[in-house]
K.L.:
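Okay, here's the structure, questions in a sec.
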Amino acid sequence: MAGRSLKIAAAAACAGLVLPWLAASPAGASPAGASPAGTGGCSAGAHTLAPPGSHLYPETGNGGYTSLHTLVHLVYDAGANTFMPGNGVVLTDRATQCLTSFSLDFERQSANTDAGPDMTVGSVTVNGDPAGFSFVQPTYPGDPKGQDDPNPAAHEASQTNPVGGPDSNPLPPACSPELPDTSTPADSLDGTQCPANKLVITPSAPIMSGATFTVTVNYTGRPGVHNDGDGTTEGWFRASDGGFVTTEPVASEDWMPLNDYPSAKPTYDFSDTVNAGLTVVANGELVSVQQQPASQEFPGGSVTWNWHAGMPVASYLVENSIGNYSLTSQVVNGIRFYQAQDLSIPQGQRKKNLAIMNMQPDITAFESQFNGPFPFASDGIIIGTPNASFDEEMEGMIAFAGGTIDTDTLYHENMHQWWGDNVAEGDYRMTFFKEGLATLGEFFYQARLAEDAAGGPSTSAGQAAFEASLVDQFNQVYGSDKGFWTTAPSNPIPHNLFSGSNTYNRPGAAYIALRQILGPARFDAALQQLQRTYGGSSISEPQFEAVFAQWLPVHGACQQRLSQFFSQWFDTAYPAGGGANRPMITGPGLDGPGFYGSDGTCA
Ligand SMILES: [Zn+2]
């Protein structure tokens, strides 16, 4: 399909590009313009994947099709931080209904005129044929008047449902507010109009249900960051020598159009042409690097980097950084490990970073003991220079910001490769599920240090120290007071989605309790069953809890108690203070009332 999919405005840099994995047509490809028998039953795809009433990024995701594969084809001038003519993406999707139109997420411009994006769509084709396109505001999910509801109140931002705001809007929000900074009050933009970030594409004829189709979007301009609901930024960060990408939860759409929802997990290829001498670091494995001579766009010559990610990648885990990076790799235990560092990081710091990066194969083997085999063919680390708001578990290529890496965070982000990456959150409310497991990865690291200090994993003293450390870490979290328990992990607002108490430490401690309830071996078995069943896909809270319930050693009334345990730890907002205002089911050997009765049952 290379010829047709790559019908991107001719760029000298793209000439001669060979993409062998695109040579074959996708199975079941539908000829362009094939009309269904009449257009009865055909309709526009939904402009969201969020459930009705959602107040966490209800504007994201797009219905009516499944995202199968994405070719990212950047043509990027690093000096100008600009996507040049010829820049674009090719999305391969499968229709799940007969589609008269469908949408993508793309934030071309933002209120952040300094570091935000400033991009323009030049053309859109569907199966190679020109298609119409326009940008519209999102509508609140489930609006009975449809996604083009003429009522302006149907298109308003808010942290909460209903919108409220100055006009006391009783409707649910259509998007999460984009706060300019972290000192702005959470509700300050409630009731304001959502930006028109839905790219609606109308093909020349309806696309039949079940048909596989390709969408090519050509765009140019400056990528940027997204002002998030908590006032931080994420997306494409400007570096002195290019761009650095960390995007959770939604800012991939600030550098490329996509189906921006964590359960949308296409596979990826990257074929980026950049200034000669620069390096592109993306997900998956490096396929080839091709040098090109000077051209009009690149007077100093250019280079094209081809990466292939054969595993499904969630929307916020797409990595594509460009700059003056060192890049090496080695194969350990059958996994290829990449190491990339920006060469503008001082040499002494790079050496310190490298010592920690070199631990990744060992950390991966350690975490495999709990989670089962590493799910991907490759793993890696990229360290960039911008002071991004956070480090992020980009799939198979963990992104560290600010020029440094630390061991504890590497245990956390590497644990995400199983949790969040291979098994993705089904929606943003499930962020706690994968952050809690990544926090458990940090708890395991502390336990491992205690184990090593006491004699190592092969000694009974070491093993006892490992278990005692986990108990201590649980008890520390369980002793939290003040506002620690006031937000249910499964029901945050955008402003506290990434706050330590509800999304990290509370679910992290819950997993220690769960491990005490099930016993370590059965807990690991549950984790590995989750990997086998949901790997490459995403998971909902009931699905996730059901697997742990299967591994309870004592059934009957204990099933009911486990259900209460999940409800207390994940779904309950308590009054402030701690004490009686916190979960009252814990686990054997832990502070609090425990789980089983004195007879070992739940009667
Ligand atoms: Zn995390």
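Basis for what follows: all heavy atoms, side chains included, without hydrogens, waters or symmetry-related copies. If you're wondering where the values come from, they're calculated on a predicted model, not measured in any experiment.
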K.L.:
Do any N or O atoms from the side chain of Glu392 and from the backbone of Glu248 form a donor-acceptor pair under 3.5 angstrom?
P.N.:
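Side chain of Glu392 to backbone of Glu248: a pair is present.
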K.L.:
With a 4.5 Å heavy-atom cut-off, do Pro494 and Leu56 have their side chains touching?
P.N.:
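In contact.
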K.L.:
Quick one: sort the Phe570 and Phe432 rings into parallel, tilted or perpendicular, breaks at 30° and 60°.
P.N.:
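If you compare the ring of Phe570 with that of Phe432, the planes turn out tilted.
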K.L.:
When you measure from the side chain of Asn127 to the backbone of Phe213, do you find a donor-acceptor pair of N or O atoms at a distance under 3.5 Å?
P.N.:
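Checked: no pair found.
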K.L.:
Run the side chain to side chain contact (heavy atoms under 4.5 Å, CB included) test against Ser563 and tell me which residues pass, sequence neighbours left out.
P.N.:
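Ser563: no side chain to side chain contact (heavy atoms under 4.5 Å, CB included) contacts found.
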K.L.:
Run the ring pair (Phe, Tyr, Trp, His ring centres under 6.0 Å) test against Phe133 and tell me which residues pass, sequence neighbours left out.
P.N.:
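If we apply the ring pair (Phe, Tyr, Trp, His ring centres under 6.0 Å) test to Phe133, skipping adjacent residues, there are no hits.
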K.L.:
Side chains of Gln109 and Asp118: any donor to acceptor distance under 3.5 Å?
P.N.:
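Yes, side-chain donor-acceptor contact under 3.5 Å.
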K.L.:
Can you sort out the partners of Ser490 under side-chain hydrogen bond (donor to acceptor under 3.5 Å, both in side chains), two or more places apart, ordered by chain and number?
P.N.:
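So Ser490 forms a side-chain hydrogen bond (donor to acceptor under 3.5 Å, both in side chains) with Asp571.
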K.L.:
On the ring face of Phe135, is Arg108 found with NZ or CZ under 6.0 Å from the centre and within 45° of the axis?
P.N.:
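Verdict for Phe135: a cation-pi partner in Arg108.
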K.L.:
Tell me every residue that passes side-chain hydrogen bond (donor to acceptor under 3.5 Å, both in side chains) with His412, counting only those two or more places apart in sequence or in another chain.
P.N.:
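For His412, the residues satisfying side-chain hydrogen bond (donor to acceptor under 3.5 Å, both in side chains) (neighbours in sequence not counted) are His416, Glu435, Glu442.
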K.L.:
Grab the two heavy atoms, one from His495 and one from Thr184, that are nearest each other, plus how far apart they are.
P.N.:
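Answer, listing the atom of His495 first, then Thr184: NE2-O, 4.2 Å.
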K.L.:
I'd like to know if the side chain of Thr96 and the backbone of Gly64 have a donor-acceptor N/O pair within less than 3.5 Å.
P.N.:
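Yes: the side chain of Thr96 pairs with the backbone of Gly64.
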K.L.:
Do Met397 and Asp379 have side-chain heavy atoms sitting under 4.5 Å apart?
P.N.:
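No; the side chains remain at least 4.5 Å from each other.
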K.L.:
Among residues at least two apart in sequence or on other chains, which ones pass ring pair (Phe, Tyr, Trp, His ring centres under 6.0 Å) with Trp419?
P.N.:
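Trp419: no ring pair (Phe, Tyr, Trp, His ring centres under 6.0 Å) contacts found.
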K.L.:
So which atom in Thr100 and which in Cys42 form the shortest heavy-atom distance, rounded to 0.1 Å?
P.N.:
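Reported closest heavy-atom pair: CG2-CB, 3.7 Å.
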K.L.:
Using the rule side chain to side chain contact (heavy atoms under 4.5 Å, CB included), only one of Pro138, Pro52, Ser176 pairs with Pro58; which is it?
P.N.:
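Result: among Pro138, Pro52, Ser176, Ser176 is the only option passing the side chain to side chain contact (heavy atoms under 4.5 Å, CB included) with Pro58.
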K.L.:
Under 3.5 Å, side chain of Thr139 to main-chain N/O of Gln147, donor-acceptor pair present?
P.N.:
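At least one qualifying donor-acceptor pair exists.
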K.L.:
Will you find, in the side chains of Ser43 and Gln97, an N or O donor that is under 3.5 Å from an N or O acceptor?
P.N.:
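Their side chains do contain a donor-acceptor pair, which is all the 3.5 Å distance test asks for.
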K.L.:
Is a side-chain donor-acceptor pair under 3.5 Å present for Asn218 with Ser123?
P.N.:
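Yes.
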K.L.:
Any side-chain to backbone donor/acceptor pair from Asp105 onto Gly61? Under 3.5 Å, distance only.
P.N.:
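Pair found, side chain donor or acceptor close to backbone of Gly61.
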K.L.:
Is the closest side-chain heavy-atom distance between Ser271 and His73 below 4.5 Å?
P.N.:
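SC-SC contact between Ser271 and His73 confirmed.
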K.L.:
Scan side-chain atoms only and decide if Gln543 and Ser540 contain a donor-acceptor pair under the 3.5 Å cut-off.
P.N.:
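Note: Gln543 and Ser540 side chains meet the donor-acceptor criterion.
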K.L.:
Keeping to residues at least two apart or across chains, list the salt bridge (Lys or Arg N to Asp or Glu O under 4.0 Å) pairs with something in residues 142-151.
P.N.:
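Sorted pair list comes back empty.
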K.L.:
Is the shortest distance from a Lys or Arg side-chain nitrogen in Lys434 or Glu413 to a carboxylate oxygen in the other one below 4.0 Å?
P.N.:
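A salt bridge is absent here (no side-chain N lies under 4.0 Å from a carboxylate O).
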K.L.:
Under the disulfide (SG to SG under 2.5 Å) rule, what pairs show up with a residue in residues 117-175, not counting sequence neighbours?
P.N.:
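Passing the test, one end in residues 117-175: Cys175-Cys194.
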K.L.:
Between Lys265 and Val313, does the side chain to side chain contact (heavy atoms under 4.5 Å, CB included) criterion hold? Intermediate values first, please.
P.N.:
CA-CA 5 Å; Lys265 297 180 70 173; Val313 182; over 6 Å; no
K.L.:
Please report the interatomic distance OG(Ser252) to CG(Leu317), rounded to the nearest 0.5 Å.
P.N.:
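The distance works out to 8.0 Å.
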K.L.:
Between the main-chain N or O of Phe106 and the side-chain N or O of Lys198, is there a donor-acceptor pair closer than 3.5 Å?
P.N.:
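Side chain of Lys198 to backbone of Phe106, a donor-acceptor pair under 3.5 Å: no, none is there.
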K.L.:
Could I get the full list of side chain to side chain contact (heavy atoms under 4.5 Å, CB included) partners for Thr160, not counting sequence neighbours?
P.N.:
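Side chain to side chain contact (heavy atoms under 4.5 Å, CB included) list for Thr160, sorted by chain: Ser158, Asp190, Ile493.
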K.L.:
Decide if the gap between the ring center of Tyr268 and the ring center of Trp307 is smaller than 6.0 angstrom.
P.N.:
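Not close enough - the centres of the two rings lie 6.0 Å or further apart.
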K.L.:
Determine yes or no for a side-chain-to-main-chain donor-acceptor pair under 3.5 angstrom, with Thr216 supplying the side chain and Val90 the backbone.
P.N.:
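No, because the side chain of Thr216 does not come within donor-acceptor range (under 3.5 Å) of the backbone of Val90.
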K.L.:
With Phe83, which residues qualify under ring pair (Phe, Tyr, Trp, His ring centres under 6.0 Å), at least two apart?
P.N.:
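For Phe83 the ring pair (Phe, Tyr, Trp, His ring centres under 6.0 Å) partners, ignoring immediate neighbours, are Tyr76, Tyr219, Trp236.
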K.L.:
Could you tell me if Glu367 and Gln417 have a donor-acceptor pair between their side chains, going purely by distance under 3.5 Å?
P.N.:
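The criterion, which ignores hydrogens and geometry beyond distance, is not satisfied for Glu367 and Gln417.
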K.L.:
With sequence neighbours left out, write down each residue that passes ring pair (Phe, Tyr, Trp, His ring centres under 6.0 Å) with Phe544, or none if nothing qualifies.
P.N.:
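Counting only residues at least two positions away or on another chain, Phe544 forms a ring pair (Phe, Tyr, Trp, His ring centres under 6.0 Å) with Phe433, Phe548.
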K.L.:
Got a sec, which residues hit side chain to side chain contact (heavy atoms under 4.5 Å, CB included) with Asp228, two or more places apart in sequence or on another chain?
P.N.:
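So Asp228 forms a side chain to side chain contact (heavy atoms under 4.5 Å, CB included) with Tyr57, His226, Asp230, Thr232, Glu234, Pro249, Val250.
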K.L.:
How far apart are the closest heavy atoms of Tyr511 and Gly436, and which atoms are they?
P.N.:
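Scanning both residues, the minimum pair turns out to be CE1-C, 3.3 Å.
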K.L.:
Between Leu104 and Val217, is the side chain to side chain contact (heavy atoms under 4.5 Å, CB included) condition met? List the steps.
P.N.:
CA-CA 10 Å; Leu104 296 170; Val217 182; 4.0 Å; yes
K.L.:
To the nearest 0.5 Å, how far apart are CG in Asn81 and CZ in Arg238?
P.N.:
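Answer rounded to 0.5 Å: 4.0 Å.
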K.L.:
Would you say that more than 12 heavy atoms from the other residues, nucleotides or ligands in this model lie under 6.0 Å from the CG of Asp181, or not?
P.N.:
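Yes, enclosed.
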K.L.:
Can you confirm whether Thr533 sits close enough to Val547 that some side-chain heavy atom of one is under 4.5 Å from a side-chain heavy atom of the other?
P.N.:
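Thr533 does not reach Val547 side chain to side chain.
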K.L.:
Output yes when a side-chain donor or acceptor of Asp391 lies under 3.5 Å from a complementary backbone atom of Ala401, and no otherwise.
P.N.:
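Yes, Asp391 side chain to Ala401 backbone: donor-acceptor pair under 3.5 Å.
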K.L.:
Test your reading of the model: is there a side-chain donor-acceptor pair from Thr82 to the backbone of Arg222, 3.5 Å cut-off?
P.N.:
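It does not hold such a pair.
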K.L.:
How long is the straight-line distance from OG1 of Thr246 back to CD of Glu393, given to the nearest 0.5 Å?
P.N.:
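So the CD of Glu393 and the OG1 of Thr246 are separated by 10.0 Å.
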K.L.:
If you measure only the distance, is there a donor-acceptor pair under 3.5 Å linking the side chains of Gln159 and Asp187?
P.N.:
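Looking only at side-chain atoms, Asp187 and Gln159 do not form any donor-acceptor pair under 3.5 Å.
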K.L.:
When you compare the side chain of Glu425 with that of Ile539, does any pair of heavy atoms fall below 4.5 Å?
P.N.:
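Of all side-chain heavy-atom pairs linking Glu425 with Ile539, none is under 4.5 Å.
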K.L.:
With no hydrogens and no angle check, do the side chains of Gln193 and His155 hold a donor and an acceptor under 3.5 Å apart?
P.N.:
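Note: Gln193 and His155 side chains miss the donor-acceptor criterion.
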K.L.:
Would you tell me whether Ser103 and Asn62 have side-chain atoms, one donor and one acceptor, within less than 3.5 Å of each other?
P.N.:
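Checked: Ser103/Asn62 side chains pair up, N/O donor to acceptor below 3.5 Å.
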K.L.:
Within the 4.5 Å heavy-atom criterion, are Pro206 and Cys98 side-chain neighbours or not?
P.N.:
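Side-chain contact under 4.5 Å: yes.
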K.L.:
Not counting sequence neighbours, which residues clear side chain to side chain contact (heavy atoms under 4.5 Å, CB included) with Ser263? List them please.
P.N.:
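With sequence neighbours excluded, Ser263 shows a side chain to side chain contact (heavy atoms under 4.5 Å, CB included) to Tyr261, Ser538, given in chain and number order.
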K.L.:
Do Glu319 side-chain atoms and Ser321 backbone N/O form a donor-acceptor pair below 3.5 Å?
P.N.:
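Yes, Glu319 side chain to Ser321 backbone: donor-acceptor pair under 3.5 Å.
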K.L.:
Considering only heavy atoms from C-beta outward, does the side chain of Asn151 approach that of Leu171 to under 4.5 Å?
P.N.:
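They are in contact (side-chain heavy atoms under 4.5 Å apart), so the answer is yes.
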K.L.:
Does any donor atom in the side chain of Asn371 or Gln531 lie under 3.5 Å from an acceptor atom in the other side chain?
P.N.:
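Their side chains do not contain a donor-acceptor pair, so the 3.5 Å distance test is not met.
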K.L.:
Under the criterion side chain to side chain contact (heavy atoms under 4.5 Å, CB included), I'd like the reasoning laid out for Ser101 against Ile201: C-alpha separation, chi angles, the key distance, then a yes or no.
P.N.:
CA-CA 6 Å; Ser101 70; Ile201 297 168; over 6 Å; no
K.L.:
Tell me yes or no: between the side chains of Glu156 and Asn169, is some donor less than 3.5 Å from an acceptor?
P.N.:
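On atom types as modelled, these side chains qualify, holding a pair under 3.5 Å.
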K.L.:
Below 4.5 Å, heavy atoms only, C-beta onward: do Pro203 and Phe102 meet side chain to side chain?
P.N.:
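They are in side-chain contact.
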